[in-house]
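Have a look at the structure below, then the notes.
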Amino acid sequence: MSESRLRFAPSPTGNLHIGTLRTALFNWIYAKAIGATLVLRIEDTDLARSQAEFETNIVQGLDWLGLTMDEGPFQGGELGPYRQTERNQLGFYKAHADRLLQLGHAYHCFCTEADLDQERAAAESDKRPYVYSGRCKALTSSDVQEKMAAQIPFTVKFSIPTGPAVRVKDVIRGDIDFDRSLIGDFVLVKSDQTPSYNFAVVVDDGMMGITDVVRGEDHISNTPKQILLFEALGYMVPKFAHLPMILGPDKSKLSKRHGATGVTEYQAQGFLADALFNYLVLLGWSSADGKELMTRDEIISRFTLERVSKSGAVFDVTKLRWMNGQYIRRQTPDELLNHVMPYLSDRVRLALDALGSDRFRSAIYSIRDNLDVLTDCNSFLEVYAMEPTSFIAQVQAYGFGETDRTVISSFRAHIVGVTDWTVASIEAAISTVVTETGLGKGKVFKPIRIATSGQPSGPHLAELIWILGQSVVVQRMAEVVGLLDQKI
RNA sequence: GGCCCUAUCGUCUAGCGGUUAGGACACCUGGUUUUCAUCCAGGCAACCGGAGUUCGAUUCUCCGUGGGGCUACCA
């Protein structure tokens, strides 16, 4: 039994994003791979930007992908609550801040934004790197009392202890050293008395017993600050693994301006959760045996952080679409039916309903090779939903020749007489037409396809005819023959 | 600007001193198929540059260059 504990800690300041989802995915897979407990923690300390609806969107997205959490705001757990605003109300951060204050690792800072801007500007004009001067550290306790009595807004800042470079031991990247003189005292508690990100993260990871932190590369430079805090607070420092970024086509960090980045959008476009899952794990990780199409279990059993790559990966929708098509083709008829159902237009849905449930399912299964995304289903299902008038128009638009006429009358004669309406007997009828007319297959199939479905391409012909149904086909053949007779 | 990460086909990647630098997507060609698609076969295509280390560097080191991230009382 492993004691490992991982966490996924999104902030509800926007809808679930592909990049965030990928972090969740890697945490989930790694947790499964090592038998760790996975915690969902909502980092909503940014009161201005956090919204409940975003939290809902995130949770639903995780749920869609099947990224189950072991502990979290909805599943509960011993070490909750799992929202930082709630934890703040319980005074967790205050208690930790007080402790640091007492230990002399933190101090009250009354600098205003203008003060800080001035320091920054001065540093810039001197061409030296900006770090907060730490001037408020010099304040005596009576100074502090005085200012607090005067209601001057303040923050609590962490006093960076002196010492050698801070070493981040990254599982993926190796050791990274940071010069602590460049870090500068930073805010622990904001003037509204809510914790800053770096503080809340450490308090929570410490309290929740997090042993492994797997997150995006954009957090590397936060890590030394957090390590110092873990140490000051007396918590065990977790292991760190920083995942490479997911990039847009222009290679910059994937963001809204790259178009569809919301997980909900991919769902709406008809991507399968399993396909997205599979595609995403391949962005920054590869299996040792080179296998790409893998089930979740296959991924979990092959997964190691050592095989995570270090450089950013461009999100390539084309390959995602291909992979989605692969997953679609592996579905059983019933699975495909269930997945396609929500994407059917009312018109197509109605037309298919008229076929009965058996042929409904077959109709959908018949177009599986054409689908990359589920939203494409309606256009391919159009053959089954053609209106009588547009059918006639299609037939008329096709210039039937003399041999076509022969083929159609022959086919009509055979199809009328079919007593057991099966794909096999339809195929037999078509072969009979081929031998009877002495024409090549191409000369036979094409006119039959047009005359039965009104379209030059579509599903396998006999299957298509079977799904259309004998009465419809017979009726259409009569219509087509009638049309051809008129022409002459 | 400072700090940090990073660098193999267009894209995702394998490689962990000696390989004809492999695979996947995309693309091109051919085959199968009644058509589109699927499927199968083949093809095109890459080690950022310069110094080192070494008998030998895609691989190790350093310096450039490119790309990215962070530099907030955002997370």
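The analysis underlying the following values was restricted to heavy atoms, covering all of them including side chains, and did not include hydrogens, waters or symmetry mates. Just so it is clear: chains get the letters A, B, ... in the order the sequence lines come, proteins before strands, and each one is counted from 1.
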Determine the Euclidean distance between corresponding [atom1] atoms of [M] and [N]; express it in Å to zero decimal places.
| N | M | atom1 | result |
| --- | --- | --- | --- |
| B:A75 | B:U65 | P | 35 Å |
| B:C28 | B:C44 | P | 16 Å |
| B:U53 | B:U59 | P | 15 Å |
| B:U8 | B:A46 | P | 14 Å |
| B:G50 | B:A45 | C1' | 26 Å |
| B:G43 | B:A7 | P | 30 Å |
| B:G66 | B:C48 | C1' | 7 Å |
| B:C5 | B:G64 | P | 14 Å |

Mate of [N] where both pairing distances stay under 3.5 Å, Watson-Crick or G-U:
| N | result |
| --- | --- |
| B:G18 | B:C55 |
| B:U32 | none |
| B:A7 | B:U65 |
| B:C70 | B:G2 |
| B:G43 | B:C27 |

Test item: side-chain donor near acceptor, [X] and [Y], under 3.5 Å:
| X | Y | value |
| --- | --- | --- |
| A:Glu463 | A:Ser366 | no |
| A:Asn278 | A:Tyr327 | yes |
| A:Asp218 | A:His242 | no |
| A:Asn198 | A:Ser196 | no |
| A:Thr13 | A:Asp46 | no |
| A:Tyr279 | A:Asn324 | no |
| A:Ser11 | A:Arg49 | no |
| A:Gln226 | A:His219 | no |
| A:Thr422 | A:Ser425 | yes |
| A:Asp115 | A:Thr112 | yes |

Quickly work out the [X] [atom1] to [N] [atom2] distance and round it to whole Å.
| X | N | atom1 | atom2 | result |
| --- | --- | --- | --- | --- |
| A:Ile176 | B:C5 | CD1 | C1' | 7 Å |
| A:Gln455 | B:A37 | CD | P | 15 Å |
| A:Leu254 | B:U11 | CG | P | 16 Å |
| A:Lys291 | B:A14 | NZ | C1' | 17 Å |
| A:Ile172 | B:U13 | CD1 | P | 12 Å |
| A:Trp285 | B:A14 | CH2 | P | 11 Å |
| A:Lys251 | B:G67 | NZ | C1' | 7 Å |
| A:Leu247 | B:G68 | CG | P | 8 Å |

May I ask you to check whether A:Phe26 and A:Phe303 place their ring centres under 6.0 Å from each other? yes
Find every protein N or O atom lying less than 3.5 Å from an N or O atom of nucleotides 44-47 of chain B, and list the pairs.
none

Reckon [X] touches a base, only the sugar-phosphate, or nothing at all at heavy-atom distances under 4.0 Å?
| X | value |
| --- | --- |
| A:Ser50 | nothing |
| A:Arg41 | nothing |
| A:Leu461 | base |

Would you state whether a donor and an acceptor, one from the side chain of A:His460 and one from the base of B:U34, lie under 3.5 Å apart? yes
Let me know which of A:Tyr107, A:Tyr132, A:Phe186 forms a ring-ring contact (aromatic ring centres under 6.0 Å, His included) with A:Phe158. A:Phe186
Strand contacts (RNA chain B) in residues 321-332 of chain A, 4.0 angstrom heavy-atom criterion: A:Trp322, A:Gln326, A:Arg329
To the side chain of A:Arg173, which of B:U11, B:C5, B:A24 is closest? B:C5
Kindly point out which of B:C5, B:C25, B:C4 is positioned nearest to the side chain of A:Phe178? B:C4
A:Asp316 or A:Arg449: which one's nearest nucleotide on RNA chain B is closer to the 5' end? A:Asp316
5′-ward residue of the pair A:Lys127/A:Phe315 relative to RNA chain B: A:Lys127
Can you tell if the side chain of A:Phe199 reaches within under 4.5 Å of the side chain of A:His96, non-hydrogen atoms only? yes
Salt bridge check: are A:Arg330 and A:Glu335 linked by an N-O gap of less than 4.0 Å? no
How would nucleotides 69-75 of chain B be written as a contact map, 5' to 3', with B for base contact, S for sugar-phosphate-only contact and - for no contact, using protein heavy atoms under 4.0 Å? SS-SBBB
OP1, OP2 of B:U34 versus side-chain N and O of A:Lys441: anything below 4.0 Å? yes
